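Remember, predicted model here, so these are calculated numbers, not experimental data. Proteins get letters first, then strands, A, B, ... in listed order; numbering begins at 1 in each. Basis for what follows: all heavy atoms, side chains included, without hydrogens, waters or symmetry-related copies.
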Amino acid sequence: MKNDLIKPQGLVKDANRRKFLQKGSLSIAAAGLFMVGCNDDEDYMPPMMEDGVMLGSGDIGILNYAYALEQLEAAFYATVIQGGYFANANAEEKQIMADLEKHERAHKEFFKAALGASAIADLEVDFSAIDFDDRMSVLGAAKTFEDLGVAAYNGAGKFIQDAGYLLIAGKIVSVEARHAAAIRDLLNPGSTDFAGDDLIDANGLERTLSFSEVLSAASTYVTTPIDFSQLPS
Amino acid sequence: MNLLKLLDKMCPDTQNSDQKELFFSRREAFHKFGDMSKKMAMAAVPLGILSALPKVAKADTESLIGVLNYALTLEHLEYRYYQMGLDAGVIEGADMAIFEKIRDHELAHVNFLTEVVGNVLGGDPVMEPAFDFTAGGNFSPFTDYPTFLALSQAFEDTGVRAYKGQAGNVMENDVVLTAALSIHSVEARHASMVRRLRTKKGHDSIKGWITEGSNGTLPAATQAIYDGEENVMHGGVDVTQLTGIDSAAVTEGWDEPLNKDQVLGIASLFLA
């Protein structure tokens, strides 16, 4: 890695961040929010879009991609804990859902802060396909979201330029995998589904999904158009 | 992932110098060569050719071999542990399928890493060490099921932290990084399952995720596996202050890495 500089990205308001950084943002390290490696010259501040969001390019784009997924998960569990399934769930499931709501909300808020001015806007979600009073419907959706999250982080890792961001993604993805295993075990207790053959191949490697595969799957639940055309490939 | 396809992608020896640069340092070369890496990844190379060619970019290859042999050592430990547990008959019948599945994954990881180190990178895959899972007579994992479960949890949680700690060391190689991440999440799934199993059986009150730096009811010797998990600072921000979420939940939401020395310190308890 060339420059693992910690910068207050939240303070960067200049639309041309590269030019801004060249002017010497190194001195602006004070106010709270942080980090953004400047080793990728093509990192790009996503412009405002009339109708939808653009993730941007480089590591910023990937962080926005993670932020989009965490927004989806956070919105899902926020709805779960308001619903009939949660109200009537047993103690174990209640604990798990309450934990997951907090974990995903923490992830979401973290990415929003990390991205600062580069963060995409709040996504509009549509959970009309999920019956929040029905256990199987909620757990089935939770399984989809958690498995998707793991495959998304695993697939995005190789595109991350900054070792610090890669580590942050690594810290989160294993928690998503812990969630996924627990949800799968609730659906089929005591089985091998927690690490099922539908996800893990003969080499013992979990599946990865591309940006387009993940966002296509997520689009069932996200109504805001997401432009990911600037992400690395 | 199909192993042969993977081998094709990983082979550094059959490519011209620009392609080698891409292989070892995509991040540096990325802007210069555009999407060439995708094209070259499609070239098919028979396995036999790989070992016959001279080595290039030796330092990078040796660094990868070092990391993967370290991972392989841990996979040897895990595989042997589960195989011995299954052979000993210590596992309760209802849980057999779970531990057979975990054993299968660990064996697959051993074989995969052995293949990559030996036949792709041209290194010497580390041999399986001799293990002492009693840790000098302190534990009886193969006659006492709660102890078997406890050490299983210890190994899985260690594995997650170990792979996480190496991500940055293999990030210049996309294929190795992706494979490492894809093993890492499998270990996390195992860890979650075993942790919850222990709580269901009344051995502990832990969850699938790690709360603060707690080792629950695990033996004191395992505390190093959980030290540091109480961290709530990420990217320079205290996430509890940022979100108002309690620190227990915040610590659960992020797993922490361990470096090689820390992990080998833990693993050395179980070396004969």
Item to check | Distance-only polar pair, side chains of A:E206 and B:S185, donor-acceptor under 3.5 Å | outcome: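 Indeed, the side chains of A:E206 and B:S185 share at least one donor-acceptor pair under 3.5 Å.
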Restricting to non-hydrogen atoms, name the atom on [X] and the atom on [Y] that form the minimum distance, rounded to 0.1 Å.
| X | Y | result |
| --- | --- | --- |
| B:L181 | A:N154 | O-OD1, 3.5 Å |
| B:H109 | A:G204 | NE2-O, 2.6 Å |
| A:F110 | B:L242 | CA-CD2, 3.8 Å |
| A:A195 | B:H190 | CB-CD2, 4.3 Å |

Between [X] and chain A, which part of the residue has a heavy atom less than 4.5 Å away: side chain, backbone, both or neither?
| X | answer |
| --- | --- |
| B:I245 | side chain |
| B:K164 | both |
| B:I102 | side chain |
| B:H184 | side chain |
| B:V160 | side chain |
| B:R161 | neither |

Checklist entry - Which region of A:A202, side chain (C-beta onward) or backbone (N, CA, C, O), has a non-hydrogen atom less than 4.5 Å from a non-hydrogen atom of chain B, or is it both or neither? => result backbone
Item to check | Region of A:Q95 in contact with chain B, defined by heavy-atom distances below 4.5 Å | outcome: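 A:Q95 touches chain B through side-chain heavy atoms alone.
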Top of [options] for chain A proximity - count of heavy-atom pairs under 4.5 angstrom:
| options | value |
| --- | --- |
| B:D104, B:D246, B:T240 | B:D246 |
| B:A108, B:A167, B:G168, B:A248 | B:A108 |
| B:R195, B:E106, B:E252 | B:E252 |
| B:E256, B:K207, B:E100 | B:K207 |

Checklist entry - Does the ring center of A:H107 lie less than 6.0 Å from the ring center of B:W254? => result yes
Approximate separation, where rounding is to 0.5 Å, of [X] [atom1] and [Y] [atom2]:
| X | Y | atom1 | atom2 | value |
| --- | --- | --- | --- | --- |
| B:I98 | A:T192 | CD1 | OG1 | 8.5 Å |
| B:E115 | A:N203 | CD | CG | 9.0 Å |
| A:I200 | B:K101 | CD1 | NZ | 8.0 Å |
| B:K200 | A:D185 | NZ | CG | 4.0 Å |

Checklist entry - Which of residues 173-182 of chain A have a heavy atom under 4.5 Å from any heavy atom of chain B? => result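 At a heavy-atom separation under 4.5 Å, chain B is reached by A:V173, A:S174, A:V175, A:A177, A:R178, A:H179, A:A180, A:A181, A:A182.
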Heavy-atom check, side chain of [X] versus side chain of [Y], under 4.5 Å:
| X | Y | answer |
| --- | --- | --- |
| A:L100 | B:W209 | yes |
| B:H234 | A:I172 | no |
| A:K112 | B:T243 | no |

Checklist entry - Based on non-hydrogen pairs under 4.5 Å, which of A:E109, A:E92, A:R184, A:K102 is most in contact with chain B? => result A:K102
Checklist entry - Where do B:L177 and A:F159 land on the side chain to side chain contact (heavy atoms under 4.5 Å, CB included) test, with the steps shown first? => result CA-CA 10 Å; B:L177 173 63; A:F159 295 114; over 6 Å; no
Checklist entry - Hey, are B:R189 and A:D147 close enough for a salt bridge, meaning a charged N less than 4.0 Å from a carboxylate O? => result yes
